[in-house]
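Quick caveat: nothing in here was measured; it's all calculated off a predicted structure.
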Amino acid sequence: MPTQWPIPHPAWQRLLAIADPYRQAFEGDCDEPRRAQEHFLRQALEINRETDIGRRHDFASLTDPAAYAERIPLVRYPDIETDLAAWRAGVSTVCAEPVIATEWTSGSTREAKAIPYGEAGLEDFRRALFPWLADLCRHVPAVAAGSVYWALSPTGTGAFAERGAAGNDAVYFGPAAPHLVALSAMPLAVSLLDTVAAWRFWTCLFLAACEDLALVSIWSPTFLHPLLDTLEQEAERVIDCLDSPWRHRVPAPLAEPLRQLGTRGSRGARRLRAAVAAGRLDPRILWPKLVRVSCWTHGAAARYVAALSRRLPGVTVEPKGLLSTEAAVSIPLHDAPAPVAAVASAFLELCRDDGVCLPLWEWHEGDEGVIVVTTRSGLWRYDTRDRVRVVGFWRNAPCLVFLGRAGHQVDLCGEKLDEVLVGQRLPPGLDAFLAPDGAEARRYLLFLDARQVTADGATAVATRIDAALREIVHYRHARELGQLDAVAAVRVAGLMATVARRGREHRGAPLSAVKTPALDGDTGWLAYFVERDAIED
């Protein structure tokens with residue numbers, strides 16, 4: 001029987017009426033994950049047998065997952081970039097359906113990648129998003145008592161400009177999209193703004209006007225910091241615009257949303273004035289109903305969660321699971337030990353370090369490796385480079401912890417540092433990352449947020465990091481031979497905001513999905529911070 005939602009908000013009622021059957025179906029699939037996975041693969045092969053890849057590998061003759069894994073090679077994005085571009089242009093290279101949406105993944109170490117979707121691929125995301133949303137509201141009904149902020153980025157910079165505003169994240173929700181829009185704290189028109197400065201200011205204004213904000217869904221936990229900073233540092237300007245918006249230069253796309261604010265604008269101005277009265281923003285006054293933030297909490301993102309929790313006292317930060325642009329791999333559920341494998345959203349394999357790739361029903365607790373996905377949107381045995389560990393089971397489906405990006409390695413002189421190893425040694429709760437010095441010196445620089453640590457404290461942290469890295473045999477050897485100098489600390493004003501800006505400028509990354517790895521091989525960070533006068537002594 002469907003859940004009876006004792007929720008007064010009509011839009012939430014309609015949204016959850018759509019979402020709850022997905023939750024029930026997902027629970028049944030988790031009882032029999034092998035059945036769900038084999039069904040997914042059979043269906044994906046059947047509907048795509050007449051595509052270029054289907055004919056090339058004779059999908060029609062593939063009868064079981066073992067034969068599929070034996071015949072289809074593992075691929076990475078460069079291997080299929082041309083095929084995906086052809087599909088986007090209307091050629092049935094890797095998928096029989098037409099492309100109806102294209103999303104961009106930020107690419108920590110390369111330019112942004114275009115990932116197209118057909119309708120079946122979007123439906124597979126719904127098979128993960130709706131069970132999560134319905135489960136969350138069942139266990140935390142306060143979420144369904146207010147509005148939601150889904151991260152929206154500006155369209156006018158980088159590769160994200162091609163995405164446009166017609167779909168935004170609402171495209172993932174299909175028939176539920178109108179209810180999502182009705183619940184949104186942010187008018188979708190904000191994503192039409194063509195500069196980050198304008199996007200940030202108007203995003204803050206609409207957030208301040210949202211008196212019933214209950215749920216925030218973002219990607220990186222660092223995404224909120226620039227918005228909270230703006231609300232704090234530009235509070236008077238936001239307050240004045242909330243009280244008298246037409247005294248300001250209002251972007252054309254926002255004229256109607258501002259008219260619709262009505263008295264909520266002046267009420268938001270009063271709350272924001274009270275929230276910054278002590279000199280620091282108190283989110284509890286601005287958003288008294290906010291109870292949940294959903295974001296990445298594992299891998300490189302883990303060390304940023306504590307800082308976000310400190311800025312949002314009383315708000316639970318929950319894991320988003322492994323939801324990437326390429327595929328939904330795992331979703332958080334209330335009573336699961338870790339995010340649960342999305343058994344109906346992709347065919348999942350775990351490729352261990354010994355080269356053996358196991359289908360999901362052969363995974364065991366403690367298994368560790370890289371996730372390989374097959375989707376109904378043209379990804380066939382796609383190596384995500386996302387490294388996970390199986391930490392338990394929910395019903396009969398494995399639960400996964402994201403460890404980091406496999407193969408994301410920096411090697412100046414044989415030390416072979418990778419993101420997982422570095423991330424385990426960076427201090428929790430500090431915004432920080434490691435990158436090579438761009439000068440002639442052979443050393444790593446530890447970039448830290450100047451607001452979080454003094455000059456002496458930064459030096460002490462760098463010393464501890466260098467000592468911790470010496471636990472890695474190749475790094476210790478390089479230091480002992482004098483090939484590497486000690487890690488040096490660099491304090492940066494507004495570190496995460498500046499990192500996001502460079503990620504957008506240099507890699508075409510959507511602002512909402514900019515990733516900050518624990519380790520970045522780019523040697524240009526110091527020069528970039530110097531050019532922007534962001535270094536503090």
Side-chain angles (χ1 to χ4, degrees), residues 9 11-12 15-16 18-19 22-23 103 105-106 122 125-154 163 165 167-174 176-188 190-191 199 203-204 206-207 210 212-228 283 287 289-298 301 304-305 308-309 311-312 315-325 328-334 339-340 342 345 402 500 510-515:
H9 201 304
W12 269 115
L15 176 58
L16 292 172
I18 295 171
Y22 283 82
R23 176 191 63 81
E103 185 59 276
T105 182
S106 65
L122 291 172
F125 275 96
R126 292 169 203 142
R127 293 178 180 179
L129 291 169
F130 284 150
W132 159 69
L133 195 59
D135 181 81
L136 175 63
C137 291
R138 289 179 77 219
H139 292 96
V140 189
V143 164
S147 299
V148 183
Y149 173 51
W150 308 92
L152 296 174
S153 297
R163 184 183 182 203
N168 285 308
D169 292 339
V171 71
Y172 291 99
F173 287 82
H179 315 313
L180 171 70
V181 171
L183 292 167
S184 177
M186 199 62 44
L188 295 184
V190 167
S191 65
W199 166 84
T203 295
C204 287
F206 283 100
L207 283 175
C210 186
D212 66 342
L213 183 66
L215 171 66
V216 170
S217 179
I218 54 178
W219 295 110
S220 171
T222 62
F223 178 80
L224 280 185
H225 289 297
L227 297 176
L228 296 173
W287 303 302
K289 294 186 177 182
L290 181 60
V291 293
R292 280 291 190 278
V293 171
S294 170
C295 65
W296 292 324
T297 62
H298 295 150
Y304 302 119
V305 174
L308 182 59
S309 294
R311 298 196 74 172
L312 297 173
V315 177
T316 299
V317 178
E318 71 160 27
K320 187 171 286 293
L322 186 46
L323 286 172
S324 68
T325 308
V329 174
S330 68
I331 60 171
L333 296 178
H334 182 78
V340 181
S345 295
F402 174 64
L511 185 61
S512 60
V514 167
K515 306 180 182 80

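You'll find the side chain of Val317 stays beyond 4.5 Å of the side chain of Leu312, heavy atoms only. Phe402 has its side chain out of reach of Pro319: every pair of non-hydrogen atoms, C-beta onward, lies at least 4.5 Å apart. Between Cys210 and Tyr149, every side-chain heavy-atom pair lies at or beyond the 4.5 Å cut-off. Residues Glu103 and Phe125 have side chains not in contact (no heavy-atom distance under 4.5 Å, counting atoms from C-beta outward). In this structure, Val315 and Leu308 have side chains that are not in contact, with every pair of non-hydrogen atoms separated by 4.5 Å or more. Between Leu133 and Leu15 the shortest side-chain heavy-atom distance falls below 4.5 Å. The shortest side-chain heavy-atom distance between Phe223 and Val216 does not fall under the 4.5 Å cut-off. Between Pro283 and Leu290, every side-chain heavy-atom pair lies at or beyond the 4.5 Å cut-off.
Looking only at distances, no side-chain donor or acceptor of Trp199 sits under 3.5 Å from a matching main-chain atom of Ser191.
In this structure, Glu318 CD and Leu136 CG are separated by 5.0 Å, a value rounded to the nearest 0.5 Å. Remark: Arg23 CZ to Arg138 CZ distance equals 4.0 Å, nearest 0.5 Å.
Every ring-ring contact (aromatic ring centres under 6.0 Å, His included) that Phe130 has, sequence neighbours left out, goes to Tyr22, Phe173. Looking at residues two or more places apart in sequence or on another chain, you find a salt bridge (charged side-chain N to carboxylate O under 4.0 Å, His left out) between Arg127 and Asp124. Partners of Ser217 by side-chain hydrogen bond (donor to acceptor under 3.5 Å, both in side chains), not counting sequence neighbours, listed by chain and number: Lys320.
The two atoms that bring Ala151 and Ile218 nearest to each other are CB-CG2, 4.0 Å, heavy atoms only.
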